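Note that the structure is predicted; figures quoted are calculated from it, not measured. Naming: A, B, ... by sequence-line order, numbering from 1 per chain.
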2 protein chains.
Amino acid sequence: MPAYALTQSPTLKAAVTASDRVLLEIQRAIVEGDLPPGSKISEPDLARRFHVSRAPLREALARLERCHLIERLPNVGARVVKLSVDGLVSLYQLREELEGLACRLAAEQMSDEEIEQMQALLDKHLSTQRVRDGESYYQEAGDLDFHYRIILGSKNPYLINILCDELYFLVRMYRVQLGMNGPRVSRAFDEHKAILHAIANRDGELADLLMRRHISASRHNIELTLKNNEEQI
Amino acid sequence: MPAYALTQSPTLKAAVTASDRVLLEIQRAIVEGDLPPGSKISEPDLARRFHVSRAPLREALARLERCHLIERLPNVGARVVKLSVDGLVSLYQLREELEGLACRLAAEQMSDEEIEQMQALLDKHLSTQRVRDGESYYQEAGDLDFHYRIILGSKNPYLINILCDELYFLVRMYRVQLGMNGPRVSRAFDEHKAILHAIANRDGELADLLMRRHISASRHNIELTLKNNEEQI
DNA sequence: GCAGGCATAATTGTCGACACCTTGAGAGTG
DNA sequence: CACTCTCAAGGTGTCGACAATTATGCCTGC
């Protein structure tokens with residue numbers, strides 16, 4: 001399998017084409033709620049806004065559909081996805097399964113060097129977290145970085161593609177729009193550490209189990225916020 | 001989650017647009033080896049061949065990339081994927097995990113009526129198989145139909161999307177190009193029956209286990225053929 | 001006042017043409 | 001002979017315009 005199979009998304013490569021650029025901008029806009037959930041996507045409007053023609057814009061829309069940030073109907077158009085409890089549950093069911101698998105594979109496939117680099121990464125995150133206690137953004141970035149590395153460590157290109165290119169933007173959207181809060185931020189570090197420890201011991205089964213629990217806990221956290229939000233409406 | 005989230009692929013809906021039509025034709029051509037693995041995809045060439053302009057063709061190519069039938073490089077172009085043992089292993093690792101999950105969810109989510117319909121489907125397949133013993137195509141279609149129904153029964157839209165829209169064309173490509181052969185054809189029926197029985201008993205764990213074994217056996221079957229093929233070259 | 005149909009406006013799908021990039025062949029040089 | 005550079009040819013990325021479809025608002029009729 002050629003290496004470029006892993007570089008389909010412009011997040012992992014330089015944004016060489018206009019379509020890539022626009023994709024990144026719209027992804028950010030949707031994830032951060034700049035384009036609100038449920039809102040209509042007008043192609044002529046967006047094309048003007050990002051100074052491109054409709055051709056690269058439509059290419060970008062196709063990729064946005066691929067990562068579940070918009071939904072399209074032929075001859076009708078696209079809308080930004082709405083966040084829901086059902087959607088969250090479905091998404092995290094998959095995450096538990098797939099990232100569990102990623103852990104098992106990573107425990108077999110990652111090199112000692114890669115594992116050492118991850119340990120260094122965790123140490124770095126720990127120190128910055130102590131300094132900026134409560135600032136969720138850094139925790140957010142650090143958490144995603146941790147998960148990314150394990151997924152890449154699985155060395156399974158299809159698994160990497162699904163998690164990194166197709167599901168993670170939606171995961172980020174839930175987390176950014178519903179906010180990460182409370183004691184989970186500090187507890188997540190310990191869970192990361194335990195998972196990495198299991199991988200370092202080449203104990204794939206344990207890493208799998210711990211990752212599933214880690215993701216399940218994260219889901220419950222978001223689910224609570226989401227249900228509160230829905231009640232407020 | 002709206003219903004049309006499940007109808008992104010033209011396989012499950014009417015091919016209303018030119019892009020849909022071309023997509024279906026090229027999918028078939030690649031899966032059946034009409035466009036051979038590794039061959040270059042020339043946009044002007046294909047556009048002439050299918051009597052459309054490059055705009056809908058490129059839309060179709062984007063979706064072909066999504067289901068891993070072609071690989072693209074910016075400013076370079078697209079090639080039909082090559083089949084390999086590594087690719088097969090990666091693909092079936094995912095299938096085991098995801099279809100196992102689908103079984104667990106289907107055991108919870110499927111209605112009694114849906115389960116009865118599946119039993120009727122199996123009976124029908126059994127009778128046609130007895131008649132046309134050895135004809136792999138019908139078995140092929142029947143097997144896919146069985147897996148499709150379980151996946152749909154999971155009621156998880158993301159899972160359905162990944163398996164039915166993104167991975168199954170590649171699975172079909174391996175099976176069609178490497179051929180299904182030997183005693184597996186008849187044994188697969190028994191395995192299907194056992195899986196469905198577990199689902200009917202609402203025993204998700206057992207269905208999960210049986211499905212993983214079923215897929216694993218299928219993989220070993222194809223792997224053998226693939227390795228023989230590579231040795232011949 | 002309301003339902004239904006019609007015409008208009010706006011949006012999406014498709015087309016052909018152009019600009020830029022990559023690639024491969026061939027000339028030139030060490 | 002090997003290596004580099006140039007350049008032409010083909011292909012991809014992008015653009016603006018047209019055709020087909022859908023949404024909107026008005027009008028008519030009940």
Side-chain angles (χ1 to χ4, degrees), chain A residues 2-5 7-27 30 35-36 38-66 69-81, chain B residues 2-5 7-11 13-27 29-30 35-36 38-66 69-81:
Chain A
Y4 54 78
T7 61
Q8 288 172 7
S9 95
T11 33
L12 299 177
K13 71 178 179 189
V16 287
T17 179
S19 160
D20 293 337
R21 243 192 36 237
V22 175
L23 173 62
L24 288 175
E25 294 194 56
I26 304 182
Q27 267 177 342
I30 292 180
L35 291 173
S39 62
K40 178 89 169 51
I41 299 261
S42 161
E43 293 184 6
D45 181 25
L46 279 191
R48 276 189 298 273
R49 217 149 119 190
F50 292 110
H51 304 95
V52 288
S53 92
R54 281 178 54 222
L57 177 75
R58 282 171 65 84
E59 188 109 349
L61 290 185
R63 300 210 239 164
L64 285 171
E65 185 182 18
R66 178 172 169 172
L69 291 183
I70 65 173
E71 284 165 349
R72 295 172 100 182
L73 278 171
N75 284 313
V76 173
R79 307 194 84 90
V80 179
V81 293
Chain B
Y4 55 77
T7 61
Q8 289 172 8
S9 95
T11 32
K13 70 177 178 190
V16 287
T17 178
S19 160
D20 292 337
R21 243 193 36 238
V22 176
L23 174 61
L24 289 175
E25 295 195 54
I26 303 182
Q27 266 177 343
I30 292 179
L35 291 172
S39 62
K40 178 87 169 54
I41 301 255
S42 161
E43 294 184 7
D45 181 26
L46 278 191
R48 275 189 298 274
R49 218 149 119 190
F50 293 109
H51 304 95
V52 289
S53 90
R54 282 179 54 221
L57 177 75
R58 283 173 63 84
E59 189 110 348
L61 291 184
R63 299 209 238 166
L64 286 171
E65 184 183 17
R66 178 171 169 172
L69 292 182
I70 65 172
E71 285 166 348
R72 294 172 101 184
L73 277 171
N75 284 313
V76 173
R79 308 193 84 91
V80 179
V81 293

A.B. asks: Between atom CZ in B:Arg48 and atom C1' in D:dG11, what is the gap in whole Å?
C.D. replies: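 These atoms are roughly 11 Å apart.
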A.B. asks: Does any non-hydrogen side-chain atom of A:Arg21 lie less than 4.5 Å from one of A:Val52?
C.D. replies: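 Contact flag for A:Val52/A:Arg21 side chains = yes.
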A.B. asks: State, with a plain yes or no, whether a side-chain heavy atom of B:Val16 is found less than 4.5 Å away from one of A:Pro74.
C.D. replies: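 In short, these two side chains touch, coming nearer than 4.5 Å.
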A.B. asks: State whether A:Thr17 places a side-chain N or O below 4.0 Å from either non-bridging phosphate oxygen (OP1 or OP2) of D:dT12.
C.D. replies: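 So the side chain of A:Thr17 is outside the cut-off, no N or O lying under 4.0 Å from OP1 or OP2 of D:dT12.
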A.B. asks: Does any non-hydrogen side-chain atom of A:Val80 lie less than 4.5 Å from one of A:Leu69?
C.D. replies: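 No. Closest side-chain heavy atoms not under 4.5 Å.
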A.B. asks: When you compare the protein's N or O atoms with those of nucleotides 15-19 of chain C, which come within less than 3.5 Å of each other, and at what distance?
C.D. replies:
unit_1	atom_1	unit_2	atom_2	d
C:dC15	OP2	B:Ser53	N	2.7
C:dC15	OP2	B:Ser53	OG	3.1

A.B. asks: How many whole angstroms separate atom CD of B:Glu59 from atom P of C:dT12?
C.D. replies: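 In whole Å, C:dT12 P lies 12 Å from B:Glu59 CD.
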A.B. asks: For A:Glu25, enumerate each residue passing the side-chain hydrogen bond (donor to acceptor under 3.5 Å, both in side chains) test, keeping only those at least two apart in sequence or located in another chain.
C.D. replies: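 For A:Glu25 there are no side-chain hydrogen bond (donor to acceptor under 3.5 Å, both in side chains) partners, ignoring immediate neighbours.
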A.B. asks: Can you tell me the distance, in whole Å, between the CZ atom of B:Arg72 and the P atom of D:dT12?
C.D. replies: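 Rounded to the whole Å, the gap is 9 Å.
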A.B. asks: Can you name the nearest heavy-atom pair linking A:Arg72 to A:Ala78, along with the distance?
C.D. replies: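 Shortest heavy-atom contact: CG-CB, 3.6 Å.
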A.B. asks: Could you state the atom-to-atom distance from CG of B:Asp45 to P of D:dA9 in whole Å?
C.D. replies: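 Going from CG in B:Asp45 over to P in D:dA9 covers 20 Å.
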A.B. asks: With the side chain counted from C-beta on, respond yes when B:Val22 and B:Leu46 share a heavy-atom pair under 4.5 Å apart, and no when they do not.
C.D. replies: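 Heavy-atom side-chain distance check fails, nothing below 4.5 Å.
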A.B. asks: Under 4.5 Å between any side-chain heavy atoms of A:Asp20 and A:Arg63, yes or no?
C.D. replies: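 A:Asp20 vs A:Arg63: side chains touch.
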A.B. asks: I want to check one thing: is the phosphate of D:dG13, taken as OP1 and OP2, less than 4.0 Å away from some side-chain N or O of A:Ser19?
C.D. replies: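 No, outside the criterion.
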A.B. asks: With a non-hydrogen cut-off below 4.0 angstrom, is A:Leu61 in contact with a base, only sugar-phosphate, or nothing?
C.D. replies: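 If one applies the 4.0 Å heavy-atom cut-off, A:Leu61 turns out to touch nothing in the nucleic acid.
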A.B. asks: In this structure, how many angstroms lie between the P atom of C:dG13 and the CZ atom of B:Phe50, rounded?
C.D. replies: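 Rounding to the nearest Å, CZ of B:Phe50 and P of C:dG13 are 21 Å apart.
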A.B. asks: Calculate the interatomic distance between A:Asp20 atom CG and D:dT14 atom C1'; express it in whole Å.
C.D. replies: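 These atoms are roughly 13 Å apart.
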A.B. asks: Below 3.5 Å between N/O atoms, which protein atoms pair up with nucleotides 19-25 of chain D? Just atom names and distances, please.
C.D. replies:
none

A.B. asks: Is there a side-chain contact between B:Lys40 and the phosphate of D:dG10, meaning an N or O under 4.0 Å from OP1 or OP2?
C.D. replies: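 No, outside the criterion.
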A.B. asks: Describe the nucleic acid contact of A:Leu57 in one word from base, sugar-phosphate, nothing, applying a heavy-atom distance below 4.0 Å.
C.D. replies: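 No contact at all - A:Leu57 keeps every heavy atom at 4.0 Å or more from the nucleic acid.
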A.B. asks: Please confirm whether the backbone N or O of A:Glu71 pairs with a side-chain atom of A:Arg79, one donor and one acceptor, at under 3.5 Å?
C.D. replies: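 No: the side chain of A:Arg79 does not pair with the backbone of A:Glu71.
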A.B. asks: Verify the contact: side-chain N or O of B:Arg58 to OP1 or OP2 of D:dT12, cut-off strictly under 4.0 Å; return yes or no.
C.D. replies: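 No, no such contact exists.
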A.B. asks: Of the options B:Ile30, B:Val81, B:Leu35, which is the one that meets B:Ile70 in a side-chain contact (heavy atoms from CB on, under 4.5 Å)?
C.D. replies: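 For B:Ile70, the side-chain contact (heavy atoms from CB on, under 4.5 Å) test succeeds with only one of B:Ile30, B:Val81, B:Leu35, which is B:Ile30.
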